[in-house]
Undergrad: 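Take this structure, written in structure tokens, and hold onto it; I'll ask about it next.
Below, chain A is the first sequence line, B the second, and so on; all start at residue 1. What's counted below: heavy atoms across the whole structure, side chains too, no hydrogens, waters or symmetry copies. Just so we're clear, the structure is a prediction, and the values are computed from it rather than from any experiment.
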Amino acid sequence: MARTNFSIKAPPWLRLRTIVFSHGWVDLPPFAWNESTKTLRAVGRINRRIVLLEIEQPKVSRLDVVMTAKGALSESSIDQAKAVINEMLGLSHDFAEFYELAGEDFAWAKELGSGPFLRGASVFEDAVKMLATTNCSWSLTRQMINRLVDELGEKGPEGVRAFPTPEQMAERPSDFYRDVIRTGYRAKFFKEIAEISASRKIDLERWKQFPGTTKELVTEIRQVPGLGRYAAENLCKLLGRFDGLGLDSWCLKKFPMVRGPVRGDVAKAIERHYKRFGAWQGLALWLDLTRDWHQKDVTVPEPFKKK
DNA sequence: GCGTCCAGGTCTACC
DNA sequence: GGTAGACCTGGACGC
């Protein structure tokens, strides 16, 4: 077992905890958060080898990382790990335009370092997780992903399991996803997304550098069975595109709690409210709805409390 | 203990 | 293009 320490220079606005609790992924394996040490555990793959990454931010200007893997770790693998962390924390995205547009309304979010969304080690991982959020409670999403990683995730250092690859998932029949992972009617979608990704019929990883508009990207994402408008627009948010609102029943319920009672169609009220943010409307909405997750007295945001 | 509702939707058939 | 109904699971709730 090899272990190495390295640091990453952090941009001045970066707040690790804000990114970790940007949405629900930290509650799903292989991610884990240690509140007492403020350490994010992530699992990635470097040259097909599973690496455990333990990330903390001891100073505003720096991330410290402990990387563990089976076998020796070279300088090159450290560089690759830095790239993986950069992707996971969404550090390549620039939010200056949003904060310029948003002004004082979102000064609190700028102060918190909000903007980047925590992402899995691959777009495939994010897409499968998004599929598991559809039409069910968060606790069921958690159960499905826990079972998936437990059953198919390859073991890495210190017993952690990586998220399964498309190839590993494609090998299993849809019955497996129904009977073992207990995904219900979503079983065929789990099988199909794995096959589509493994065969490169659609290259999900290409979505990171998709050359077209967000509308075109949403159209491509929706070619994957099981990923509809909600899933596609929220995947786009992870990819740094916020043109879509990605509304779900939780958003419709929370909006009146944040912005006051709404007469009539809540979805239309949300569209009207955030229209002025243009290409950033999805971010403005999400920051509004999750502001209470980042209050100083909150140790674990409400949606992530174990049930 | 049991029945009902519904949750961080999507798909298909039908109009 | 819009909409109704089916689809799985499991937690919450009322009785």
Side-chain angles (χ1 to χ4, degrees), chain A residues 20-29 31 117-120 125-151 172-196 202 215 217-239 242 244-259 264-271 274 281-294 300-307:
Chain A
V20 165
F21 287 107
S22 55
H23 66 130
W25 268 201
V26 71
D27 199 28
L28 305 176
F31 284 123
F117 279 44
L118 184 65
R119 291 155 47 165
E125 177 180 332
D126 289 334
V128 172
K129 286 177 173 172
M130 200 63 75
L131 175 59
T133 68
T134 58
N135 197 26
C136 65
S137 60
W138 183 252
S139 66
L140 183 55
T141 299
R142 186 191 291 136
Q143 289 181 51
M144 286 190 276
I145 297 301
N146 270 296
R147 284 192 285 259
L148 181 66
V149 173
D150 281 349
E151 290 288 334
R172 299 302 181 112
S174 60
D175 287 358
F176 169 81
Y177 296 103
R178 188 191 61 217
D179 302 335
V180 179
I181 310 300
R182 303 192 68 73
T183 61
Y185 72 93
R186 304 169 195 80
K188 62 178 181 181
F189 299 144
F190 272 72
K191 172 71 174 172
E192 284 180 288
I193 191 172
E195 285 181 334
I196 285 169
I202 298 176
K215 193 176 175 185
L217 178 55
V218 165
T219 301
E220 179 160 318
I221 294 172
R222 294 190 64 174
Q223 287 177 23
V224 178
L227 299 183
R229 184 180 173 186
Y230 149 83
E233 290 185 354
N234 281 296
L235 260 180
C236 282
K237 289 181 189 173
L238 301 195
L239 296 164
F242 299 92
L245 291 167
L247 296 180
D248 54 27
S249 56
W250 181 81
C251 294
L252 299 179
K253 190 171 68 180
K254 186 91 188 260
F255 178 75
M257 295 162 67
V258 171
R259 289 288 176 180
D265 191 323
V266 180
K268 284 195 167 50
I270 292 175
E271 284 174 19
Y274 295 98
Q281 57 181 333
L283 180 59
L285 166 69
W286 189 254
L287 293 179
D288 259 351
L289 299 189
T290 59
R291 183 176 182 174
D292 57 345
W293 295 5
H294 303 285
V300 180
E302 189 65 35
F304 311 136
K305 287 181 180 168
K306 301 294 181 197
K307 289 179 183 168

Undergrad: Between C1' on C/dT9 and CZ on A/Arg142, what's the gap in Å once rounded to a whole number?
TA: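 Going from CZ in A/Arg142 over to C1' in C/dT9 covers 15 Å.
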Undergrad: So, the side chain of A/Thr183 versus the backbone of A/Tyr177: is there a donor-acceptor pair under 3.5 Å, distance only?
TA: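 Present.
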Undergrad: Base, sugar-phosphate, or nothing for A/Arg186, non-hydrogen atoms under 4.0 angstrom?
TA: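 Base, at least one base heavy atom under 4.0 Å.
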Undergrad: What's the closest nucleotide to the side chain of A/Ser139 if the choices are C/dG11, C/dC7, B/dG8?
TA: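 The closest nucleotide is C/dG11.
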Undergrad: Hey, does A/Ala187 reach any base, or is it just sugar-phosphate, or nothing, if we go heavy atoms under 4.0 Å?
TA: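 Counting heavy atoms under 4.0 Å across all strands, no contact is made by A/Ala187.
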Undergrad: Output the rounded distance in Å from CD1 (A/Ile221) to C1' (B/dG9).
TA: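 Checked: the CD1 to C1' distance equals 15 Å.
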Undergrad: For A/Trp138 and B/dG8, say yes or no: do the ring centres fall under 5.5 Å of each other while the ring planes differ by less than 30°?
TA: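 A/Trp138 vs B/dG8: stacking yes.
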Undergrad: Within this structure, what is the CZ-to-C1' distance between A/Phe190 and C/dT9, rounded to whole angstrom?
TA: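 Value for this atom pair: 12 Å.
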Undergrad: Considering residues at least two apart in sequence or located in another chain, which fulfil the side-chain contact (heavy atoms from CB on, under 4.5 Å) criterion with A/Arg259?
TA: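 Partners of A/Arg259 by the side-chain contact (heavy atoms from CB on, under 4.5 Å) criterion, ordered by chain and then number, come out as A/Phe255, A/His273, A/Tyr274, A/Asp288.
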Undergrad: In whole Å, what separates the C1' atom of B/dT10 from that of C/dG11?
TA: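 Here B/dT10 and C/dG11 have their C1' atoms 22 Å from each other.
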Undergrad: Whole-Å distance between C/dC7 C1' and A/Leu140 CG?
TA: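 Going from CG in A/Leu140 over to C1' in C/dC7 covers 13 Å.
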Undergrad: Whole angstrom is fine here: how far is it from NZ in A/Lys268 over to C1' in C/dG2?
TA: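 Distance, rounded to whole Å: 11 Å.
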Undergrad: Output the rounded distance in Å from CZ (A/Phe189) to P (C/dT9).
TA: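 It is 14 Å, rounded to the nearest whole Å.
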Undergrad: If you apply the rule side chain to side chain contact (heavy atoms under 4.5 Å, CB included), what do you find for A/Val20 with A/Phe31, and how did you get there?
TA: CA-CA 9 Å; A/Val20 165; A/Phe31 284 123; over 6 Å; no
Undergrad: Mind calculating the distance between CE (A/Met130) and C1' (B/dG8) to the nearest angstrom?
TA: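 It works out to 9 Å between those atoms.
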Undergrad: Are A/Ser249 and B/dG9 close enough that a side-chain N or O sits under 4.0 Å from OP1 or OP2?
TA: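 Looking at the OP1 and OP2 atoms of B/dG9, one of them is under 4.0 Å from a side-chain N or O of A/Ser249.
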Undergrad: Drop me the distance from A/Glu151's CD to A/Ile181's CD1, to the nearest 0.5 angstrom.
TA: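 With rounding to 0.5 Å, CD (A/Glu151) is 5.0 Å from CD1 (A/Ile181).
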Undergrad: Over how many whole Å does the gap from A/Leu227 atom CG to B/dG8 atom P extend?
TA: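 Atom-to-atom, A/Leu227 to B/dG8, this comes out as 19 Å.
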Undergrad: Look at the side-chain N and O atoms of A/Arg229 and state whether any lies under 4.0 Å from the OP1 or OP2 oxygen of B/dG9.
TA: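 No, because none of the side-chain N or O atoms of A/Arg229 sits under 4.0 Å from OP1 or OP2 of B/dG9.
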Undergrad: When both hydrogen-bonding distances must be under 3.5 Å and the geometry is Watson-Crick or G-U wobble, what is B/dG8 paired with, if anything?
TA: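 When the pairing criteria are applied, nothing turns out to pair with B/dG8, so the answer is none.
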Undergrad: Mind telling me whether A/Trp286 and A/Trp293 have parallel, tilted or perpendicular rings, with 30° and 60° as the class edges?
TA: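 Plane angle over 60°, so perpendicular.
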Undergrad: Given the P atoms of C/dA6 and B/dG8, what is the spacing between them in whole Å?
TA: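 Those two atoms are separated by 23 Å.
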Undergrad: For A/Thr134, report the nucleic acid contact type (base, sugar-phosphate, nothing); a contact means any heavy atom under 4.0 Å.
TA: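 Sugar-phosphate: the residue A/Thr134, judged by heavy atoms under 4.0 Å, touches backbone atoms but no base.
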Undergrad: With respect to the phosphate group of C/dG10, does any side-chain polar atom (N or O) of A/Arg147 fall under 4.0 Å of OP1 or OP2?
TA: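 The answer is yes; a side-chain N or O of A/Arg147 sits under 4.0 Å from OP1 or OP2.
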